[in-house]
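Some notes on the structure that comes next.
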Amino acid sequence: MLGSAVCSSKLPHPDPPRMRYSIFSLAAQALKGNRGWAPAWRDAAPKAEYDVVIVGGGGHGLATAHYLASRHGITNVAVVEKGYVGSGNVGRNTTIIRSNYLLPGNTPFYELSLKLWEGLEQDINFNAMVSQRGVLNLYHSDGQRDAYARRGNAMRLAGVDGELLDREQVRAMAPFLDFDNGRFPIQGGLLQRRGGTVRHDAVAWGYARAADQRGVDIIQNCEVTGITVQNGRVTGVDTTRGPIRAKKVALAAAGNSSRVAAMAGLRLPIESHVLQAFVSEGVKPLIDCVITFGVGHFYISQSDKGGLVFGGDIDMYNSYAQRGNLPTVEHVMEAGMAMWPGLGRLRTLRQWGGIMDMTMDGSPIIDHTPVQGLYLNCGWCYGGFKATPASGFCFAHLIARDEPHEVATLLRLDRFATGRLIDESGAGAQPNLH
Ligand SMILES: Cc1cc2nc3c(=O)[nH]c(=O)nc-3n(C[C@H](O)[C@H](O)[C@H](O)COP(=O)(O)OP(=O)(O)OC[C@H]3O[C@@H](n4cnc5c(N)ncnc54)[C@H](O)[C@@H]3O)c2cc1C
């Protein structure tokens, strides 16, 4: 009964806060002792029915809601989140954004994402701390240099910025690296200057606020427990706060995609794996770009608070636990030390894990499903944070128009049946290697 009560469409909804953030609102609040700030979004209760229910209040679900409302005028939308906004991978990642991809299925999609990042703060009136500080991928052998040259050329042909640096150019950017490491000497790097970092949880908060201001209901602490399908067409979802009817249901549950899709009888080409991240104690500015090691999987940048933020490989076995294991901690630290021995002087402050939705080819899925009115957004592997704006933009396009956006036409669910894979790393059907 509780469920049907809170699902009543007659429940009053408080007016959404219409406050616009600016230098003037900041100054006015400072003069008033900061007592006039309105909540960034309403704590909405579920209504009985929506045009679109989005499952998952991570970056992708919230971005989808924002673009549905702002670009397609579809505002009778609920984002249903089992925890709180930002509790999933969107608040757990290492914040790196870039569009330095090789293959046609990925390059235009991630470049659209980078362009959307570049205008995001104006679009959603929220400081997401978009910082285009550059992403530098190191190479350590002639073969790797050739592969990076090929990727850089493919990027430039597609209108994406990329520069191949030699060893001395890399040294000028990052003199602290171990250039003469006995096993992995650094020969140079592929630099994308427009890549960088974005404050991850601010992205979730900013999209949530922007969607809410257009009337979208963001419903937290509400787990989807079932998807109702009649005659091959989706009719709604069951939740821990009661059933919700919906004309369309859009899945954006990232690491839980397989579990949620199974509620509609779908088996996805996805494995769920843990990925860990780490942050050091805060120190003075040491590194002003993002650097990735070319031999092991290791990437590092510095947050505005001064902590070095870094990560490596997934834990290499299937799990839904949001925590990692010590062998991977050791592996990540070894890779870091091989690239930048000075890291050994720092203390690690925190470590955590998130659940990655790994596809068999390492590329994502934004597509219809065999169930009418049920749409799928998943398979983000290590790289879904940078994809957040384009993912939401293209998913909203698909939901609103029932046809894929032009940059997402290859991100199909059936490519695992047809064999038209987008195997960016050339690792084959090995989700643990992408
Ligand atoms: C440690 C780590 C480092 C990473 N580093 C980077 C990086 O540097 N750059 C990059 O591009 N990507 C990175 N990623 C990947 C990126 O964070 C993810 O691919 C991306 O955030 C996934 O999309 P999302 O934000 O929508 O996911 P999430 O934030 O996980 O959102 C999915 C939401 O669905 C909710 N949900 C699940 N099941 C249900 C249900 N039954 N009912 C209701 N709600 C449900 C979850 O609670 C969750 O909030 C990293 C990930 C991790 C874990």
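This one's a predicted model, so the numbers in the text were calculated from it and none came from an experiment. In listed order, ligands and their atoms are each counted from 1.
Here the CH2 atom belonging to W117 is positioned 10.0 Å from the NZ atom belonging to K386, to the nearest 0.5 angstrom. Remark: I399 CD1 to D51 CG distance equals 12.0 Å, nearest 0.5 Å. Rounded to the nearest 0.5 Å, atoms CD (Q220) and CD (E223) are 14.5 Å apart.
At a heavy-atom distance under 4.0 Å, no atom of I97 approaches ligand 1. The backbone of V80, and not its side chain, has at least one atom closer than 4.0 Å to an atom of ligand 1 (non-hydrogen atoms only; backbone = N, CA, C, O). In C381, the part holding a heavy atom less than 4.0 Å from any atom of ligand 1 is the backbone. If you look at Q276 next to ligand 1, the close heavy atoms, those under 4.0 Å, all belong to the backbone. Contacts between A252 and ligand 1, counted as non-hydrogen atom pairs separated by less than 4.0 Å, involve the backbone only.
For atom 5 (N) of ligand 1, the candidate residues are V55, V290, T94, D201; the nearest heavy-atom contact is made by T94. Residue nearest to atom 3 (C) of ligand 1, selected from V237, N93, T64: N93 (by heavy-atom distance). For atom 38 (N) of ligand 1, the nearest non-hydrogen atom from the set V224, N256, T239, D357 comes from N256.
Atom 16 (C) of ligand 1 has F385 N, 3.4 Å as its closest protein atom, hydrogens excluded (heavy atom only). In terms of protein heavy atoms, atom 15 (C) of ligand 1 is closest to Y382 O, 3.3 Å. Of the protein's heavy atoms, N89 N, 2.8 Å lies nearest to atom 30 (O) of ligand 1. Summary of contacts: the protein heavy atom closest to atom 26 (O) of ligand 1 is H60 N, 3.1 Å. For atom 48 (C) of ligand 1, the closest non-hydrogen atom of the protein is E81 OE1, 3.4 Å. Nearest protein neighbour of atom 25 (O) of ligand 1, counting heavy atoms only, is G59 N, 2.9 Å. With respect to atom 43 (C) of ligand 1, the closest heavy atom belonging to the protein is K82 N, 3.3 Å. If you check which protein heavy atom lies closest to atom 22 (C) of ligand 1, you get A254 CB, 3.9 Å.
The ligand atoms of ligand 1 that sit less than 4.0 angstrom from a heavy atom of K386 are 10 (C), 11 (O). Within ligand 1, counting atoms from 1 as listed, the ones closer than 4.0 Å to a heavy atom of G354 are 53 (C). Under a 4.0 Å criterion applied to the non-hydrogen atoms of V90, ligand 1 contributes the atoms 21 (O), 25 (O), 28 (P), 29 (O). When each atom of ligand 1 is checked for a heavy atom of V260 under 4.0 Å away, the hits are 38 (N), 41 (N). Set against the non-hydrogen atoms of W380, the atoms of ligand 1 under 4.0 Å away are 19 (O). Contact atoms of ligand 1 toward A277: 1 (C) (distance under 4.0 Å to a heavy atom of the residue).
Between D161 and R193, none of the side-chain N atoms (NZ, or NE/NH1/NH2) sits under 4.0 Å from a carboxylate O, so this pair counts as no salt bridge. The pair R194-E111 meets the salt-bridge criterion, with a side-chain N (NZ, NE, NH1 or NH2) lying under 4.0 Å from an Asp/Glu carboxylate O. Salt bridge status for D217 with R42: present, with a side-chain N to carboxylate O gap under 4.0 Å.
Between Q351 and V279 the shortest side-chain heavy-atom distance does not fall below 4.5 Å.
T348 places no side-chain N or O within donor-acceptor distance of the main-chain N or O of R350, the cut-off being under 3.5 Å.
Between M263 and ligand 1, no N or O atom pair is found at a separation short of 3.5 Å.
Note: F184 and Y139 fail the aromatic proximity criterion, with ring centroids not under 6.0 Å apart. In summary, the aromatic rings of H60 and F395 are positioned with their centroids too far apart to meet the 6.0 Å limit. Separation of the H297 and Y382 ring centroids falls under the 6.0 Å cut-off. Taking the six-membered ring for Trp and the full ring otherwise, the centers of Y317 and H273 sit at least 6.0 Å from each other.
Heavy atoms of G255 come nearer than 4.0 angstrom to ligand 1 in no pair at all. Residue contacts with ligand 1 include M356, since one of its heavy atoms falls under 4.0 Å from the ligand.
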With ring-ring contact (aromatic ring centres under 6.0 Å, His included) as the test, would you mind laying out the steps for W205 and F126 before giving the verdict? CA-CA 8 Å; W205 302 332; F126 201 90; 7.0 Å; no

Do L286 and W340 pass the side chain to side chain contact (heavy atoms under 4.5 Å, CB included) test, and can you show the C-alpha distance, the side-chain angles, and the key distance before you say yes or no? CA-CA 12 Å; L286 282 179; W340 181 357; 4.1 Å; yes

Take F293 and H140, measure what ring-ring contact (aromatic ring centres under 6.0 Å, His included) needs, and give me the verdict at the end. CA-CA 9 Å; F293 191 40; H140 307 260; 5.0 Å; yes

